[in-house]
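First the structure, in the form of structure tokens, and then the observations on it.
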Amino acid sequence: MAIVEVLILVVCFIVTLAMGVPIAFAIGISGVVTLLVSMDFMPAVTTVAQRMATGLDSFAILAIPFFILAGQLMNRGGIARRLIDLAKSMVGVLPGGLAHVNIMAAMLFGSISGSSVAAASAVGGVMIPRMDEAGYDRGFGAAVNITSATTGLVIPPSNILIVYSLASGGVSIAALFLAGYLPGMLMGLSLMVVSGFIAVRKKYPREKRLRPAEIVRNFVDALPSLFMLLVVIGGIVAGYFTATEASAVAVAYALVLALFYREINISDLPDILLETSKTTAIVMLLIATSMGLSWVMALENIPQNVSAGLIGLAENPIVILLIINVLLLAVGTFMDMTPAVLIFTPIFLPIVQDLGMDPVHFGIMMVVNLCVGLCTPPVGSVLFVGCALAGIPITRVIRPLLPLFAAMIVSLMIVTYVPELSLWLPRLFGF
Amino acid sequence: MNKLRQAIDRSLGWLLVVLMGAAVLNVLWQVFTRWVLKDPSSYTEELARYLLIWIGLLGAAYGVGQKLHLAIDILPTALSGRKQRALNIVIQIAVAAFSFAVMVVGGMRLVWLTLRFDQVSAALGIPLGYVYSALPLSGVLIVFYAACMIADERAVATPPGQAAEPNDGA
């Protein structure tokens, strides 16, 4: 009976997670224990071991450590300051200018570095003290920094979309990257609208208008960093590179740029490579054990069972998508994005594909959804970094976060129910 | 044990740095041969995949040693004193048990099977068993690190020459 295995898997997973076993191991343990119900010990452990190794045996996944490495080089390479200056030229004159600068810089930086935690610390590290000086409420500044840092996960290049491509069984990375642009910008825009309203009510200042010469200079300064995006995304979309090759080119480009700016030396490289290995290690073990678990789930027909249950609950596609979104929001509050995508893609994707949803669209919806969870307690990596950076307890940032959450949820609903927002750009390029 | 642990930390760290650097150069070489030499290299893609298996699995072990892996630590941080240490020990035992059963035992069997059936890789011609040997190697290292951390917890519980702290919360 499949139901026994499902029960064992779910209970085992929840118990190990709640105990505080690292998520990657909780995933692996649940997979093996479930498999032991229907298989002998030796074949079970050998199969899971093999799935772990073959799960990593992929050229596409190698793009993840490379984008992390390129991001590391960019972080140390003085890129954040240049992008903040560029953002200031673009949106500084709006009411509550510094909040908009933070959001815009996070969108630019997050897309280049591919990490929301890096975006929160690099941009927030500069912007929160500045907002403080200008009389902004510290909690509001931190909340803006935290929420806007997640936009870079949707705007390409984005490692989480590569993880999704893997978990979904090979949805085109180029299509996912193109699909991320408009939803990511929508998120940023909705955060700016809400921040604008708050700024008007609290009478936060505008930044003084820059002279045209300054605007041009800021733009020229940021150009080499923006050019990398063109090489990477343009190269992938035009078919010159695979995502992995593009990520390696990005590493070389970022290294040359950082050396040219004299922000790092060759002797810093081992340290940077080790930092990259650390971040990579977390993602890779999650991928390895998740590949074991998703094989077990397929063996036990778990996606079909969940699908049957959900469709029994509601038949209306709009309602089913709403239920999936609520479930994912709940998952996101206590689980980081990578494991959530790896575990829930194989479960939910077959369901929504039955409803006629494009897998590219679903991937974007899922990532936008899980962005909210990164900013919520009890577990939210960006929330923690943002609060630590601003030097305030989580309780002080909750209230200012609420209107910004509302903006994110509205964006999520638009992304969910307007497929064209995600699919228009990839279709334009023939995906 | 601490000396050994530091030595392993350092060697693993350097090995990861070298493997990661090699992976980047390898893929850049692939781009270079295709676009500049117009003679695409035949082995770079396979080498890249195998490097990733080693980076991923050895990195996983390194991550256990450095306590990098994400966990939901609500329960461990809510507890204190003896209960917290007991829970931490149980967590490490779970990690070690999985790594021993799957990565060491399952991994060794996988290595043995692929070597016995003479499976070699398509482009480079290396036995796949060598590639998969990253599994048992990483498994052994994880068990070692878990054992170190259990020893740490127990050392806190009973400092040498005296009983457990009197105000040990419980």
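Quantities reported herein were computed from a predicted structural model and do not represent experimental measurements. Per chain, numbering begins at 1; letters A, B, ... match sequence-line order.
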Closest non-hydrogen atom pair, [X] against [Y]:
X     : Y      : result
B:P76 : A:G20  : CG-CA, 4.2 Å
A:A18 : B:L75  : O-CB, 3.3 Å
B:H69 : A:A281 : CE1-O, 3.9 Å

### Message
Any side-chain to backbone donor/acceptor pair from B:W14 onto A:P270? Under 3.5 Å, distance only.
### Response
no
Need one label for [X]: side chain, backbone, both or neither, based on atoms under 4.5 Å from any heavy atom in chain B.
X      : value
A:V48  : both
A:T280 : side chain
A:D57  : both
A:F59  : both
A:A53  : both

### Which of A:L285, A:I282, A:T46 touches chain B most, by non-hydrogen pairs under 4.5 Å
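Ranked by heavy-atom pairs under 4.5 Å with chain B, first place is A:T46.
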### Task
Drop me the distance from B:R34's CZ to A:F241's CZ, to the nearest 0.5 angstrom.
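Rounded to the nearest 0.5 Å, the CZ-CZ separation comes to 8.0 Å.
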#### Entry: Spatial distance of atom CG (B:L15) from atom CG (A:L274) [nearest 0.5 Å]
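It is 11.5 Å, given to the nearest 0.5 Å.
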### Query
Which residues from residues 107-129 of chain B are near chain A, with near meaning under 4.5 Å between non-hydrogen atoms?
B:G107, B:R109, B:L110, B:L113
### Message
Report, in residue-number order, which members of residues 47-59 of chain B are under 4.5 Å from chain A by heavy-atom distance.
### Response
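Expected list: B:A48, B:R49, B:Y50, B:L52, B:I53, B:I55, B:G56, B:L57, B:G59.
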### Query
Heavy-atom distance under 4.5 Å between the side chains of B:V27 and A:L62, does that happen here?
yes
### Query
Are side-chain heavy atoms of B:L68 and A:P22 found at a separation under 4.5 Å?
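The answer is no; the side chains never approach within 4.5 Å.
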